[in-house]
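Keep in mind that what you see is a predicted model, and the values were worked out from it rather than measured. Both ligands and their constituent atoms are indexed starting at 1 by order of listing. By convention here, the first residue in the shown sequence is residue 1.
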Amino acid sequence: MELKLYNTLTRTKEAFRPLDPSRVRMYVCGPTVYDFAHIGNARPLIVFDVLYRLLRHLYGPDHVKYVRNVTDVDDKINARAAERGVPIRELTEETYNNFKEDVAALGCLPPDVEPRATDHIEEMKTLIERLRAADFAYIAEDHVLFHVAAMPDYGKLAHRTLDEMMAGARVEVAPYKRDPMDFVLWKPSKPGEPAWPSPCGIKTPGRPGWHIECSAMSWKHLGETFDIHGGGIDLVFPHHENELAQSRSAFHTKIMAQFWMHNGFLQVEGEKMSKSLGNFVTIRELLADWPGEAIRLAMLQSHYRQPINWTEAGLREAKRTLDHWQSLTADAKPGMLCADMIDALADDLNTPKAFAALHELRSEAAKGAKGAAACLKAGAQIMGLLQPTAAEWAAWRPASLAIDEAGINKLIDARNAARKAKKFKESDRIRDELAAMGVELEDRKDGTTSWKVKKVA
Ligand code: AMP
Ligand code: ZN
């Protein structure tokens with residue numbers, strides 16, 4: 001079995017051979033932390049988690065290093081913090097903590113390193129100084145800009161010529177740029193914006209451009225060159241093209257990453273997700289109504305490079321599938337991985353084909369075939385599915401029906417206290433409040449009260 005991955009750089013599926021098999025290295029662009037991540041953002045998180053799990057299976061968990069950064073310096077962050085009237089650090093901390101909870105609920109393993117941009121300003125400055133010294137960058141009005149004309153094969157990843165890139169991208173035209181395509185490595189900060197001492201002898205304090213972050217963090221944690229660089233398809237140009245230009249020019253290397261991998265886009269019920277259309281769904285909102293694994297399974301039903309049409313019907317189907325798998329594998333220990341399943345994943349993460357193999361196993365397990373349930377469990381688990389125990393799965397409730405045990409006990413105590421004080425109106429009110437929550441009380445002879453939740457159909 002050979003791992004093959006589609007490489008955006010060459011537009012072909014290629015055999016994957018790590019630069020160093022004892023240290024397989026993957027970098028994926030992470031979130032900009034200013035608001036809850038949306039369901040489109042969940043796609044790269046889940047897709048590259050499956051790849052991470054597969055690489056760990058193939059090369060050994062200690063031989064794979066996965067880095068996913070956190071962008072905690074950005075104009076959107078500054079704007080949101082000002083809007084909410086909170087310090088930037090408070091906003092980024094809170095958002096990052098929410099993000100970590102969301103990805104964990106989607107069944108994703110934490111990456112080996114989650115570097116933050118603001119912890120890598122020195123590395124960014126070092127790269128900028130190098131680019132300046134080698135004449136790939138120039139200084140203009142307190143900015144440092146990358147000069148794309150200095151790099152003959154700029155546009156190689158996006159497969160576009162300079163003219164096409166200018167026509168296709170919303171290029172910011174600024175009087176100080178030598179060329180409209182030149183992009184910012186460092187810019188001056190306005191009063192009140194985050195600022196650091198600038199590189200290249202610039203007196204005004206400033207802050208980094210977006211692209212240089214990832215060149216600096218991948219360098220620090222993975223080295224000058226590495227194996228896989230991932231993200232959503234929208235990042236190919238300009239973000240990844242520019243990262244690649246910076247890193248190759250700074251280190252004088254032929255490559256930045258061997259493989260560039262990009263997931264397709266997600267649409268909601270057939271439409272582009274946007275706040276104005278009212279179909280913008282955060283991961284957090286979905287997790288209130290669906291178990292994380294159902295979201296994960298629904299996401300993996302499509303091949304990662306294809307667009308996804310995200311529907312509630314798809315989620316319902318995924319939940320039903322998991323209910324069935326859970327009931328079949330409740331007592332099974334994970335067994336052998338079936339070859340069809342691993343072959344499918346090794347063929348450019350063909351998850352739909354992997355599910356076809358799992359559905360075969362499900363049919364066999366349902367007929368009582370020995371070992372099929374164990375293979376089903378092992379196969380599902382390598383994709384990060386069937387992680388909860390059968391009991392945990394059965395206990396899952398949507399947030400609207402979740403049982404707040406501590407809250408219920410508090411109300412019961414308050415009711416008993418009211419009854420003792422002969423405040424019957426109050427005790428009846430509390431009984432009604434509990435009944436509205438679906439809680440039935442039974443007053444025992446010994447003075448205590450037991451309770452149960454009415455079965456929800
Ligand atoms: P952003 O916060 O916009 O930089 O996005 C974080 C990650 O989510 C990037 O890898 C994006 O490519 C990816 N992404 C954003 N929107 C979508 C979407 N609708 N479908 C799939 N991936 C997306
Ligand atoms: Zn990046």
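Geometrically, ligand 1 and D234 share a nitrogen or oxygen pair separated by less than 3.5 Å. For ligand 1, the polar-atom distance check against P31 finds no nitrogen or oxygen pair separated by under 3.5 Å. Between N41 and ligand 1, a contact under 3.5 Å exists for at least one N or O pair.
For ligand 1, the atoms lying closer than 4.0 Å to a non-hydrogen atom of L266 are 18 (C), 19 (N), 20 (N), 21 (C). Residue L235 approaches ligand 1 through these ligand atoms, each under 4.0 Å from one of its heavy atoms: 9 (C), 10 (O), 12 (O). Listed by number with element, the atoms of ligand 1 under 4.0 angstrom from any heavy atom of G232 are 10 (O), 12 (O). Near P44, with a cut-off below 4.0 Å to any heavy atom, the atoms of ligand 1 are 7 (C), 8 (O), 10 (O), 13 (C), 22 (N). Close contacts between ligand 1 and G264 involve ligand atoms 21 (C) [criterion: under 4.0 Å to a heavy atom]. Residue N263 approaches ligand 1 through these ligand atoms, each under 4.0 Å from one of its heavy atoms: 21 (C), 22 (N).
With respect to atom 17 (C) of ligand 1, the closest heavy atom belonging to the protein is F265 CZ, 3.4 Å. Among protein heavy atoms, atom 4 (O) of ligand 1 sits closest to T32 OG1, 4.4 Å. Of all protein heavy atoms, the one lying nearest to atom 22 (N) of ligand 1 is G40 O, 3.1 Å.
Within the structure, ligand 1 has H38 among the residues with a heavy atom less than 4.0 angstrom away.
Side chain of E243 to backbone of M256: no donor-acceptor contact under 3.5 angstrom is found. Under a 3.5 Å cut-off, the side chain of E285 and the backbone N or O of T282 do form a donor-acceptor pair.
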*asked:* Test side-chain contact (heavy atoms from CB on, under 4.5 Å) on Y304 and M261; report intermediate values, then the result.
replied: CA-CA 10 Å; Y304 78 93; M261 294 178 65; 3.4 Å; yes
*Check step by step if side-chain contact (heavy atoms from CB on, under 4.5 Å) holds for L185 and H143.*
CA-CA 8 Å; L185 300 171; H143 293 69; over 6 Å; no
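Of all protein atoms, those that are N, O or S and lie under 2.8 Å from the Zn ion (ligand 2) total 4.
For the ring-ring contact (aromatic ring centres under 6.0 Å, His included) criterion with F259, the lone passing option out of Y27, Y6, F16 is F16. Remark: of the listed residues T118, T32, T92, T118 is the sole one forming a side-chain hydrogen bond (donor to acceptor under 3.5 Å, both in side chains) with D72.
Between W310 and H38, a ring centre-to-centre spacing not shorter than 6.0 Å is recorded. The aromatic ring centres of H262 and H240 sit less than 6.0 Å apart.
Comment: K319 does not engage E312 in a salt bridge, judged by the lack of any side-chain N to carboxylate O separation of less than 4.0 angstrom. Ionic pairing of R296 and E293 is not present here: no N-O contact between side-chain nitrogen and carboxylate oxygen is shorter than 4.0 angstrom.
Judged purely by distance below 3.5 Å, without hydrogens or angles, the side chains of W186 and D142 never pair a donor atom with an acceptor atom.
When side chains are defined from C-beta on, H57 counts as touching I342, because their heavy atoms get closer than 4.5 Å.
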